[in-house]
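The next block holds one structure in the form of structure tokens; read it before the comments.
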Protein chains: 2
Amino acid sequence: MARKRVTLADVALASGVSSTTASLVLSGRGAELRISEAAQQRVREVSEALGYRPNIVSIGLRKGSSLAFGFVSDTIATSQLAGDMIKGALEAAHAHGFMLFIGETEGDAKVERRLVNAMLDRQVDGIILASMFTQTRRLPSGLDHVPAVVLNALPLEPHLHIPVVVPDELEAGKAAARLLLEAGHRSIHLVGAGPGPADTPPATVAGRERLAGILEVLAEAGLTPASGHLCPDWLPAYGWEATRAIIESGGAGGAIITFNDRLAFGAYQAIHEAGLSVPADMSIISFDDYPLADWLRPGLTTFAIPHYDLGRRSVELLLEAIAARDDGPANPAIVHRLPMPLRTRGSVGPPRG
Amino acid sequence: MARKRVTLADVALASGVSSTTASLVLSGRGAELRISEAAQQRVREVSEALGYRPNIVSIGLRKGSSLAFGFVSDTIATSQLAGDMIKGALEAAHAHGFMLFIGETEGDAKVERRLVNAMLDRQVDGIILASMFTQTRRLPSGLDHVPAVVLNALPLEPHLHIPVVVPDELEAGKAAARLLLEAGHRSIHLVGAGPGPADTPPATVAGRERLAGILEVLAEAGLTPASGHLCPDWLPAYGWEATRAIIESGGAGGAIITFNDRLAFGAYQAIHEAGLSVPADMSIISFDDYPLADWLRPGLTTFAIPHYDLGRRSVELLLEAIAARDDGPANPAIVHRLPMPLRTRGSVGPPRG
DNA sequence: TGGCCATGCTAACCCGATTTAGCACCCCGC
DNA sequence: GCGGGGTGCTAAATCGGGTTAGCATGGCCA
């Protein structure tokens, strides 16, 4: 174990040049600094033969950069979706030679501070503050010295140089309502929020914005929701409960907008248990695009959270900030809203009768 | 942006001592090296006041370590489960002051090599090679210089110093069969593999071992499976199909072992569509403990893959290897099998009639 | 008065790269 | 034969810490 790595000095020695020369050649500045073609050739061959790889830690010390970003999330284990966000960030980072440090805070601001510090101690070139749960948040200190991006959350006090990347929930809410209206529905029930604009779970921007979009489009059509069901949590059991209530009060034949796919799953269960079927008796449209949505029978029509794109975009913003650091001004604190693509499956049909 | 960080030299200057002294004091070797209590006090106060934090990149250069591990996975976005594995690794690492670099290979050996190299270039103190898909694998080169662990996969050519961490699938298979036998079942159908010991999907150790465990216990009871259904993939649609076949050939009243929870989901759908119910008409037991298992009605009884523990254990093995590096011998290439805990929900009952 | 020891600290080198400043050599022209 | 300029390379500083070897000072004892 631990046979020593080949260093630049080894390459230089074996090529009969100074390490300065070796460095210049290998960084492509050989011609510029007038190193003879013969010497360049030799250095490159020796480097290749010895399997030389530069020590990035050393470069990091010299340049104050580490070719790494920090990705700090409140949770990474809730769902596949978090994984997709990381995947997007990872691929964008790797494509530019950057690595990603991952950290999980579980929503604890103290843990977050510790992680951000640990990453700054490792000279990361940027930090992504991601959220899966919480949708509005405070920012930790220490982010003045390094590019940062807030991902899938809105900062309570917007920071001058920290851009934000979020899904366009408002637009998706509008699209959901439009889609049901176009299918001919007039009786539209909401499960997870509503019926009023203030009936939204606390601390989730997603709920508030989806609801606002839905209500706006319904209002344009001269409608209000047939009913609204605020749930303690967006889990199948509550979707089941709310849907039973809808059916018992004669809502069958209409449509349901569930505020996420787990609620929709509960809705399917209630509809099937009542001897009804989707979409013949009830149409359902939802948000998130959990893997589940594709497994249900019929498949669930839903607006996907663009997790992969969110992750990618956040890294790209860091890269832009780095590129701009030297000359241009820093990132403006723009809120980037990424579209939520519709996954059309089989859960929406015309109203019954 | 980028006001300079406080360095050790800054602290030394402000305390009126040399940086050597400051270093000794802050690393706790002050008393040992006979620095006066007054000087120590001063250094500590100044350090605190200036908010000094040591630059880990610098320490890494000197010591050849980076207080970071690499976590290279074939995929991190398949499911929540991958996230749990990372979470376990993350928590164990953070508890010991280590960070985690994450990488995703998508099963491509070339990408894996690149990632492993990129991590070695950053002087990681250990590497975890994790799998979600593939269950047997080759090892990349370059792992002779640094502690490594294989996670959730079996190496094709066991390496002398690389331990392996996997779930104990064989034991879980046995326990599943035992549980159904104890509930009184004699007619046991397999969905996902079987009926013979060779009827297993290629390249999955999980399938082979679960099956072996099941067959062993059934054989001890003088039984063979009532039927076996090898599926192209372990997805709901195939579970649905196989279960329909079981019901059509008069299997209702018996029990099903599905080889994972997604197959079980399909089985539930088929059973409900046939107007039957779980567990009155059919008992189901499964493996994985997807979140789904808890959402089904009734809840699915299943053996959980101990993802969190797997992640934790792999980091602990790296820490042990580091601790042993100086004196003791390297890690032996032991295969660590972690138990798969049973999640008892409502899907298993006595046979009908 | 000189030697010895304890006390309290620091100079200087090291890790592995990048980068600045500059040196030695040769050729050419006057 | 001496200055000027181009060519080809290198010494040395630097990043921010850790570490080794050793240097002043003062007190005590013979």
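Per chain, numbering begins at 1; letters A, B, ... match sequence-line order. Just so it is clear, the values below take in all heavy atoms, side chains as well, and ignore hydrogens, waters and symmetry mates.
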Protein-nucleotide distance ([X], atom [atom1]; [N], atom [atom2]), rounded to Å:
X	N	atom1	atom2	answer
Ile56(B)	dG17(D)	CD1	P	10 Å
Ile35(B)	dG18(D)	CD1	P	14 Å
Arg62(B)	dT20(D)	CZ	P	8 Å
Leu13(B)	dT10(C)	CG	P	12 Å
Leu33(A)	dT20(C)	CG	P	10 Å
Asp10(B)	dC15(D)	CG	P	11 Å
Arg42(A)	dG8(D)	CZ	C1'	12 Å
Leu24(B)	dT7(C)	CG	C1'	15 Å

Distance-minimising heavy-atom pair for Arg122(A) and Val57(B): O-CG2, 3.6 Å
Side-chain-base donor-acceptor pair under 3.5 Å for [X] and [N]:
X	N	result
Thr20(B)	dA11(C)	yes
Ser18(A)	dA11(D)	no
Ser23(B)	dT19(D)	no

Among the candidates [options], find the nucleotide nearest to the side-chain atoms of [X].
X	options	value
Tyr52(B)	dT20(D), dG17(D), dG8(C)	dG17(D)
Ser58(A)	dG17(D), dT7(D), dA17(C)	dA17(C)
Ala39(B)	dT7(D), dC9(C), dA17(C)	dC9(C)

5'-most contact on DNA chain C (nearest-nucleotide basis), Gln123(B) vs Val17(B), goes to Val17(B)
With nearest nucleotides of DNA chain C determined for Lys63(A) and Lys63(B) from heavy-atom distances, which residue corresponds to the more 5′ nucleotide? Lys63(B)
What does [X] touch in the nucleic acid at a heavy-atom separation under 4.0 angstrom: a base, only the sugar-phosphate, or nothing?
X	result
Leu8(A)	base
Thr21(B)	base
Leu61(B)	base

Does a salt bridge link [X] with [Y], judged by any charged N lying under 4.0 Å from a carboxylate O?
X	Y	result
Glu106(B)	Lys87(A)	yes
Arg114(A)	Asp121(A)	no
Glu316(B)	Arg313(B)	yes

Can you tell me if the side-chain N/O atoms of Ser36(A) get under 4.0 Å from OP1 or OP2 in dC9(D)? yes
Strictly under 6.0 Å, is that where the ring centroids of Phe101(A) and Phe101(B) end up? yes
